[in-house]
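Naming: A, B, ... by sequence-line order, numbering from 1 per chain. Quick caveat: nothing in here was measured; it's all calculated off a predicted structure.
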Amino acid sequence: MALKIYNTLTRRKEEFIPLHQGEVRMYVCGPTVYSDAHLGHAKSYISFDIIVRYLIYLGYRVKYVQNLTDVGHLLDTGEDRILMGAKREKLDPMELVENYIRRYFEDMDALNVLAPNISPRATAHILEQIELIELLLQKGYAYKINGSVYFDITKFPSYGKLSGRKIEDQVAGARVEIRDEKQHPADFVLWVKATPEHIMQWNSPWGKGYPGWHIECSAMAMKYLGETLDIHGGGMENMFPHHECEIAQSEAATGKQFVRYWVHNNMILVNGVKMSKSLGNFTIIRDALNKYSPEQIRFFILTTHYRSPVDFSDAAIQGAGEGMRKLQTTFERLSEILRYAQNDNKETGTLKINKLLDEYKQKFMEAMDDDFNTPLAIGVLFDLSRELNAYLDKETQVSKQTITAAYQLYDKLGSEILGLTLYSKHTLMEADKYIELLIEIRNDLRSIKQWELADKIPNFLPSSPSLL
RNA sequence: GGCGGCGUCGCCAAGUGGUAAGGCAGUGGUCUGCAAAAUCACUAUACAGCGGUUCGAUUCCGCUCGCCGCCUCCA
């Protein structure tokens, strides 16, 4: 079996072969840090986290870059998001950005999303962006006018290859207010001349200004990952124009293919409508965490394939939580039995169970190999869980080897690859001795039928009632 | 208007050219001091509709209906 990834560029699943053997270079569009991340961000970054985790599991050295957009980009109203946020919170733009970056990282940590290797900020790479724009001017792919610089779309005939659009089709229906100074309505801005009152602006060969939206990703991706990336990820809504423009400017500059595999994840919906900051129908991760556990949110998101939309509802996420608890219970049961399991092995079923574990592992891998099919993989976990429970119910003598193997497989698939917290390890380890003592006392009380006293004990235990 | 996607049991959600995983909810057993957990069994006329291709389609093609995304900042 080989890993297959759905490539937006070719509209089909392709076997994944990285450019450099044993190494994957991956870039994902990060958030604009002017307010708190919402569940849409959670879905996106959890999806890519799965990709990263699985690639690591497969043995690749993964170099994962995710940008932080801290240059504001203009709204319809002509306002800049960062500046708007700064005004709202009465902070300097960079204070605002600093604050939300920290909060974003906290949210991702809570959801058990592995941190990218590099989180470059757009404002820290103005020079690289200017250099890239200069190169495009030099090569004749861009033109400057009135202190701004535009990419000349007519010089790049394959513009539209990612999203399947033709420039001509777009022009007719274009509702965008066309800037008069553009030579072609589809030209996009690389550098914007700043008005004097614009707070965030930098010197450039073309006067004071700030970078256009698309150029930061090209500049930073290529700086850290080279001219050709293996994987570029992002939300579907960024396919056009953002990713299309990234391709144009990058490939125009280098003459090389920019990205080998384009990966786009689908949206979170609320009552069938996209959750987004602009629509205002979003739930920020922090609020969701007050209501649901982080692993529940993560699990809920993973029960749908990353290329499908997820309709967010209380009923759905609660059902997911119940299901996950079942997996956790099995895991806790395994770890509990593991403690007391004997080394000497009188049990007969070892061979059989080992074969069984192999089969489940195989099925799990097949699911993940097929474009990271986490819902199917989770289904395998449920099957495994049922099988193990049935086995533990039946066998009276279970060897340490068997339990260890089951435990490790469960841990590998659930915790390591899917990133699900299957039980709280630290709580158990620190309080271990005391909990054991309490359990012992409780059992003694039960044996002398002191029910009332015995029932007091579970109330003091922090978690894992199933230990009893 | 252009481009793309979706419509599977009450809910969530995989999947396949030969009538369909799993989870939640529900019902009934086992276990238990009660409960929880676990487990077993059960349950349902579930593949939007209409045509076409085919020996055979939920799976391929066409049309219709419904929903969604992008074309403008957006994960």
If we take the P atom in both rU19(B) and rC34(B), what is their distance in whole Å? 46 Å

Rounded to whole angstroms, how far apart are CZ on F240(A) and C1' on rC71(B)? 6 Å

Rounded interatomic separation in angstrom, taking CZ from F299(A) and C1' from rC12(B): 11 Å

Nearest-angstrom distance, P atom, rC63(B) to rG69(B): 23 Å

Using the ring of each side chain (for Trp, its six-membered ring), is Y407(A) parallel, tilted or perpendicular to F331(A), with breaks at 30° and 60°? parallel

Phosphate OP1/OP2 of rC70(B): any N238(A) side-chain N/O under 4.0 Å: no

Assign Y45(A) to base, sugar-phosphate, or nothing according to its heavy-atom contacts below 4.0 angstrom with the strands shown. sugar-phosphate

Would you say the ring centroid of Y261(A) lies under 6.0 angstrom from that of F16(A)? yes

NA contact type, M236(A), heavy-atom cut-off 4.0 Å: base, sugar-phosphate, or nothing? nothing

Starting at CZ of F300(A) and ending at P of rC24(B), how long is that distance when rounded to a whole Å? 16 Å

For the pair H264(A) and H243(A), name the ring-plane relationship: parallel under 30°, tilted 30 to 60°, perpendicular over 60°. tilted

Quick check on RNA chain B: between N389(A) and E322(A), whose nearest nucleotide comes earlier from the 5' end? E322(A)

Are there over 12 heavy-atom neighbours, none belonging to D314(A), within less than 6.0 Å of that residue's CG? yes

What's V273(A) touching, base or sugar-phosphate or nothing? Going by heavy atoms closer than 4.0 Å. sugar-phosphate

Base, sugar-phosphate, or nothing for S278(A), non-hydrogen atoms under 4.0 angstrom? base

Distance test, side-chain N/O of T32(A) to OP1/OP2 of rA75(B), below 4.0 Å: yes

Using a cut-off of 4.0 Å on non-hydrogen atoms, how would the nucleic acid contact of S276(A) be classed: base, sugar-phosphate, or nothing? base

If we take the P atom in both rU64(B) and rC3(B), what is their distance in whole Å? 14 Å

Would you please enumerate the stems RNA chain B participates in, each stem being three or more consecutive Watson-Crick or G-U wobble pairs with both distances under 3.5 Å? B:1-7 with B:65-71, B:10-12 with B:22-24, B:26-30 with B:38-42, B:48-52 with B:60-64

For rA13(B) and rG51(B), measure between their P atoms and round to the nearest Å. 30 Å

For a quick check of understanding: with a heavy-atom distance under 4.0 Å over all strands, which category does T330(A) fall into, base, sugar-phosphate or nothing? nothing

5' precedence on RNA chain B between L279(A) and S308(A) (nearest-nucleotide basis): S308(A)

Between rC34(B) atom P and K449(A) atom NZ, what is the distance in whole Å? 10 Å

Separation of rC68(B) C1' from M267(A) CE (nearest whole Å): 11 Å

Which of these passes side-chain contact (heavy atoms from CB on, under 4.5 Å) with V97(A): T32(A), I82(A), L68(A)? I82(A)

4.5 Å side-chain heavy-atom contact, R25(A) and I231(A): no

Heavy atoms under 4.0 Å, any strand shown: does G160(A) hit a base, just sugar-phosphate, or nothing? nothing

Integer angstrom distance from the C1' of rG15(B) to that of rA21(B): 7 Å

Side-chain donor/acceptor of R11(A) to base of rG4(B), under 3.5 Å: no

Lys/Arg cation over aromatic F151(A): K182(A), 6.0 Å, 45° cone: no

Aromatic ring proximity, centroids under 6.0 angstrom, Y104(A) and Y45(A): yes

Within the 4.0 Å heavy-atom criterion, would you say G40(A) contacts the bases, only the backbone, or no part of the nucleic acid? base

What is the nucleic acid contact for K43(A), judged by heavy atoms within less than 4.0 Å: base, sugar-phosphate only, or nothing? nothing

